[in-house]
Asker: 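Below is the structure I would like to discuss, written out as structure tokens.
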2 protein chains.
Amino acid sequence: MLSKKSQYAFKALGYLTEKYTEGPILISEIAKKKKIPLKFLENILLELKKADILDSKKGKGGGYFLKKSPEKVKVATIIRLVNGPISMIPCVSLYFYERCKNCNEKHCGLHEMMTEVRDATLSIVENRTLVDLVDY
Amino acid sequence: MLSKKSQYAFKALGYLTEKYTEGPILISEIAKKKKIPLKFLENILLELKKADILDSKKGKGGGYFLKKSPEKVKVATIIRLVNGPISMIPCVSLYFYERCKNCNEKHCGLHEMMTEVRDATLSIVENRTLVDLVDY
DNA sequence: AAATTAGTCCACAAAGTTTGTGGAGTATTC
DNA sequence: GAATACTCCACAAACTTTGTGGACTAATTT
């Protein structure tokens, strides 16, 4: 399961995608519309900014906005950033790989199956972008 | 990611599947061979027994063994049992469903995408069994 | 029947993660 | 320089994970 933080991040990014043409959006507006605790959302958006997904402007007329065009930001990128590995086990992860201590990966049934699961998931989340998060 | 507990459970079940014809297997043997903390493994196996996946026998010649034939036990069942939901978000889960508070499921982009991810994952784990966990 | 073997059960504890909150500071605009 | 809005850091409560310890029960062997 994705953490609440991740779910909040997706809701917020969906909202910013909707409002992409409208310039900076207040944190407080996102928090209210998407029912996200304000201060928690602050942390999340700041993290997304540091990861180059968002940018912000201070002072009057300020707020957060997408740094890149929403169709250029993959859902997979956001998951890895906010939630961590997409794979079910570390020895199968592409971005968070860790060697398995108690099995030989070449001959491990679990390894093989989890690789399939990973690829099935990636085939979706690597091909969806922030645009796919918007309500319709 | 699956918890360590889940990974231990899979390792143990894979081992019991290998040794399916050999009668009861000692917890201590599984723990040693699969490098799982003994007492932690006790808890896991007991849980699997209560869920009717395993059975056990006490005293000399005792140990744990699969209650059903390994090809009859789906991987999906084990994940749900030991790890919890397979879906990435609760409002998309079949077995652990929870309503989403801040979106209309019929018009939510996230909901739609996560349904696809769920189905892609299920198409694998609902069609694999303990047999697929065995090393080869 | 006693000893040995091996699972059962319960409680607890250390560590880590998640989910926040509070408050002072900084940049920008008017 | 006042108001606005993001920034940064620290901390805390709650929960989950990952175990451990010890007494108990059931089955077998001698």
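Everything numeric in this text was worked out from a predicted model, so none of it was measured.
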Asker: Quick one: salt bridge (charged side-chain N to carboxylate O under 4.0 Å, His left out) partners of A/Lys39, sequence neighbours excluded?
Answerer: A/Glu42
Asker: Sort me out a list of protein N/O and nucleotides 24-30 of chain D N/O pairs below 3.5 Å, or just none if empty.
Answerer:
residue: D/dT25; atom: O2; partner: B/Lys58; partner atom: NZ; Å: 3.3
residue: D/dA26; atom: O4'; partner: B/Lys58; partner atom: NZ; Å: 3.3
residue: D/dT28; atom: OP1; partner: B/Lys57; partner atom: NZ; Å: 2.9

Asker: With sequence neighbours left out, which residue pairs that include part of residues 37-60 of chain A fulfil the ring pair (Phe, Tyr, Trp, His ring centres under 6.0 Å) condition?
Answerer: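 Qualifying pairs, neighbours excluded: A/Tyr8-A/Phe40.
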Asker: Residues in salt bridge (charged side-chain N to carboxylate O under 4.0 Å, His left out) with A/Lys67, at least two apart?
Answerer: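 Scan of A/Lys67 (salt bridge (charged side-chain N to carboxylate O under 4.0 Å, His left out), adjacent residues dropped) gives A/Asp52.
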Asker: Kindly compute the distance separating CE (B/Met88) from CD1 (A/Ile79), expressed to the nearest 0.5 Å.
Answerer: 4.5 Å
Asker: If you compare every side-chain N and O of B/Ser56 against the phosphate oxygens of C/dA6 (OP1, OP2), does one of them come in below 4.0 Å?
Answerer: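 No, B/Ser56 has no side-chain N/O under 4.0 Å of OP1/OP2 on C/dA6.
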Asker: Under the salt bridge (charged side-chain N to carboxylate O under 4.0 Å, His left out) definition, can you give me all pairs with a residue in residues 12-35 of chain B, not counting sequence neighbours?
Answerer: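 Sorted pair list: B/Lys34-B/Asp135.
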Asker: Sort and list the pairs that fulfil ring pair (Phe, Tyr, Trp, His ring centres under 6.0 Å) and have at least one residue in residues 102-136 of chain B, not counting sequence neighbours.
Answerer: A/His107-B/Tyr136, A/Tyr136-B/His107
Asker: Distance from A/Leu2 atom CG to B/Leu110 atom CG, nearest 0.5 Å?
Answerer: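 A/Leu2 CG to B/Leu110 CG: 8.0 Å, rounded to 0.5 Å.
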Asker: When every nucleotide of nucleotides 12-24 of chain C is labelled 5' to 3' by its protein contacts under 4.0 Å (heavy atoms), B for base, S for sugar-phosphate only, - for none, what sequence of letters results?
Answerer: -------SBBBB-
Asker: Could you check which residues of residues 17-36 of chain A get a heavy atom under 4.0 Å from DNA chain D? Sort them by number, please.
Answerer: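 Heavy-atom cutoff 4.0 Å gives A/Ile25, A/Leu26, A/Ile27.
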Asker: Looking at every non-hydrogen atom in both residues, tell me the closest pair between A/Thr17 and A/Pro70 and how far apart they are.
Answerer: CG2-CB, 3.5 Å
Asker: Could you name each residue pair satisfying side chain to side chain donor-acceptor pair (under 3.5 Å) that touches residues 79-96 of chain B, not counting sequence neighbours?
Answerer: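 Applying side chain to side chain donor-acceptor pair (under 3.5 Å) to every pair that reaches into residues 79-96 of chain B, excluding sequence neighbours, yields B/Ser3-B/Asn83, B/Ser6-B/Asn83, B/Arg80-B/Glu126.
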Asker: Round to the nearest Å and state the distance from A/Leu46 atom CG to D/dC9 atom P.
Answerer: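 Roughly 9 Å, once rounded to whole Å.
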Asker: Does B/Leu130 reach the side chain of B/Glu71, with side-chain heavy atoms less than 4.5 Å apart?
Answerer: no
Asker: Looking at DNA chain C, which of residues 89-101 of chain A put a heavy atom within less than 4.0 Å of it?
Answerer: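 Under 4.0 Å from DNA chain C: no residue of residues 89-101 of chain A.
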Asker: Could you name each residue pair satisfying ring pair (Phe, Tyr, Trp, His ring centres under 6.0 Å) that touches residues 42-65 of chain A, not counting sequence neighbours?
Answerer: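 Qualifying pairs, neighbours excluded: none.
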Asker: Show every ring pair (Phe, Tyr, Trp, His ring centres under 6.0 Å) that has at least one partner inside residues 67-91 of chain A, sequence neighbours left out.
Answerer: none
Asker: Please find the pair of heavy atoms, one from B/Ala12 and one from B/Leu45, that lie closest to each other, and give the distance.
Answerer: CB-CD2, 4.2 Å
Asker: Can you tell me how far C1' of D/dC6 sits from NZ of A/Lys50, to the nearest Å?
Answerer: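 Atom-to-atom, A/Lys50 to D/dC6, this comes out as 12 Å.
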